[in-house]
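Each remark here refers to the structure printed beneath this line.
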Amino acid sequence: SDPVGATAVELKGASPVGRWRTDSHESKVHVEPQESPDLNELFQRELEERSDSLVKAARRLLVESLDPSDFETAIRDAHTIKGSGRLMGEDKIAEAAAALEEAWRALKEERLRPATEVAAALAELAERLPGATSSDREVALDKAVGRLNRAFSSANGNGGYGPPDPGALGGLLSTVT
């Protein structure tokens with residue numbers, strides 16, 4: 001029998017504060033997510049599963065049109081990776097996932113055309129996420145984010161997200177009133 005009569009340890013939501021329940025009272029115990037082997041294992045497993053889902057979606061984007069639910073799933077997967085990465089102190093993974101989330105959202109909203117280079121850049125970045133916790137891998141992750149940003153520029157002809165800039169047509173649209 002446990003000398004303090006502990007019955008459960010429960011982590012609450014995304015908070016790094018756990019609850020330690022005893023027979024007589026409850027008290028909060030601070031838990032550093034990065035230092036928890038269980039949370040690290042869960043993070044790695046979820047990172048692999050959600051990254052795999054993002055890779056598959058990007059590959060499907062190359063050969064077929066996606067349903068709105070496919071875009072929603074990809075957005076949710078990237079968003080979850082972003083939040084988990086932040087919680088676990090994996091800033092590079094969180095930043096890369098934020099780029100993925102925005103790209104999938106732009107595709108869904110038709111602010112980004114689903115060009116081959118965009119799909120390939122999405123797949124490459126998602127493939128690199130699971131191994132991105134070492135410094136060597138972080139450099140590769142930065143390069144993959146850069147490739148995705150260049151793909152946005154190329155696909156939209158305007159250097160980033162959103163619809164093409166009317167000025168890119170030599171001012172033709174600005175003369176129409």
Side-chain angles (χ1 to χ4, degrees), residues 14 33-34 39-174 176:
Q34 306 90 321
L39 285 179
N40 274 302
E41 182 181 328
L42 178 63
F43 172 67
Q44 286 300 320
R45 187 172 54 242
E46 185 155 302
L47 180 61
E48 289 170 12
E49 290 170 5
R50 292 188 183 268
S51 294
D52 186 55
S53 175
L54 288 168
V55 169
K56 288 176 182 174
R59 289 181 179 157
R60 281 195 325 272
L61 188 62
L62 284 168
V63 295
E64 62 188 75
S65 58
L66 300 180
D67 294 328
S69 64
D70 295 326
F71 289 106
E72 286 300 323
T73 299
I75 292 166
R76 185 176 49 253
D77 286 342
H79 181 81
T80 300
I81 292 169
K82 178 180 73 175
S84 298
R86 286 183 179 152
L87 176 68
M88 297 302 292
E90 295 290 349
D91 295 334
K92 289 290 185 184
I93 289 174
E95 290 169 15
L100 286 166
E101 180 183 8
E102 179 56 30
W104 282 106
R105 192 175 309 284
L107 285 163
K108 178 186 177 234
E109 296 170 357
E110 298 180 353
R111 293 183 289 120
L112 178 63
R113 291 185 288 281
T116 301
E117 179 60 23
V118 169
L122 286 168
E124 177 189 0
L125 183 52
E127 284 175 337
R128 293 187 185 274
L129 286 173
T133 55
S134 71
S135 61
D136 291 343
R137 302 274 179 141
E138 286 182 1
V139 171
L141 198 60
D142 285 340
K143 288 181 181 179
V145 169
R147 179 179 180 195
L148 183 58
N149 288 332
R150 287 188 303 280
F152 283 163
S153 299
S154 175
N156 281 355
N158 69 344
Y161 301 103
D165 177 16
L169 297 175
L172 178 63
L173 294 179
S174 63
V176 178

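We're numbering straight along the sequence, starting at 1. None of these values were measured; they are calculated from a predicted model.
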Task: Residues in side chain to side chain donor-acceptor pair (under 3.5 Å) contact with Asp91, at least two apart in sequence or another chain - done: none
TODO: May I ask you to test the Leu107-Leu61 pair for a side-chain heavy-atom distance under 4.5 Å?
DONE: yes
Open item on the list: Show the nearest heavy-atom pair for residues Ala99 and Leu148, with the distance to one decimal.
Closed with: O-CD2, 4.0 Å
- [ ] Could you pull out the closest heavy-atom pair between Gly85 and Phe43, with the gap in Å?
- [x] N-CE1, 3.7 Å
- [ ] Can you sort out the partners of Glu109 under side chain to side chain donor-acceptor pair (under 3.5 Å), two or more places apart, ordered by chain and number?
- [x] Arg111
Open item on the list: Are the side chains of Leu100 and Leu129 in contact, using a 4.5 Å heavy-atom criterion?
Closed with: yes
- [ ] Would you please name every residue forming a side-chain contact (heavy atoms from CB on, under 4.5 Å) with Ala58, sequence neighbours left out?
- [x] Trp104, Leu122, Ala123
Open item on the list: Are the side chains of Arg113 and Val118 in contact, using a 4.5 Å heavy-atom criterion?
Closed with: no
Task: Partners passing salt bridge (Lys or Arg N to Asp or Glu O under 4.0 Å) against Arg105 (at least two apart in sequence or in another chain) - done: Glu101
Open item on the list: Strictly distance-based, threshold 3.5 Å: is any side-chain N or O of Ser153 a donor or acceptor partner for the main-chain N or O of Asn149?
Closed with: yes
TODO: Go through Ile75 and Lys108 one step at a time and tell me if the side-chain contact (heavy atoms from CB on, under 4.5 Å) criterion holds.
DONE: CA-CA 9 Å; Ile75 292 166; Lys108 178 186 177 234; 3.8 Å; yes
Open item on the list: Just verifying a value: how many Å separate Arg86 CZ and Ile81 CD1, rounded to the nearest 0.5 Å?
Closed with: 13.0 Å
Task: With sequence neighbours excluded, residues passing side chain to side chain donor-acceptor pair (under 3.5 Å) with Ser84 - done: none
- [ ] For Glu41, check salt bridge (Lys or Arg N to Asp or Glu O under 4.0 Å) against everything at least two apart and list the hits.
- [x] Arg45
Open item on the list: So which atom in Ala97 and which in Lys82 form the shortest heavy-atom distance, rounded to 0.1 Å?
Closed with: CB-N, 3.5 Å
Task: Arg60: partners by side-chain contact (heavy atoms from CB on, under 4.5 Å), with sequence neighbours left out - done: Lys56, Ala57, Glu64, Leu66, Asp70
Task: Heavy-atom pair with the smallest gap, counting every atom of Leu141 and Lys92 - done: CD2-O, 3.5 Å
TODO: Using salt bridge (Lys or Arg N to Asp or Glu O under 4.0 Å) as the criterion, list what pairs up with Arg76, not counting sequence neighbours.
DONE: none
Task: salt bridge (Lys or Arg N to Asp or Glu O under 4.0 Å) against Lys143, all qualifying residues, sequence neighbours excluded - done: none
Open item on the list: Would you compute the distance between atom CD of Glu72 and atom NE2 of His79 and round it to the nearest 0.5 angstrom?
Closed with: 12.0 Å
- [ ] Supply the atom-to-atom distance Glu49 CD to Thr80 OG1, rounded to the nearest 0.5 angstrom.
- [x] 11.5 Å
- [ ] Supply the atom-to-atom distance Leu47 CG to Asn40 CG, rounded to the nearest 0.5 angstrom.
- [x] 11.5 Å
Task: Which residues share a side-chain contact (heavy atoms from CB on, under 4.5 Å) with Arg147, sequence neighbours left out - done: Glu117, Ala120, Ala121, Glu124, Arg150
Task: Closest non-hydrogen atom pair, Val55 against Ala126 - done: CG2-CB, 3.6 Å
Open item on the list: Between Glu127 and Arg59, is the salt bridge (Lys or Arg N to Asp or Glu O under 4.0 Å) condition met? List the steps.
Closed with: CA-CA 11 Å; Glu127 284 175 337; Arg59 289 181 179 157; 2.4 Å; yes
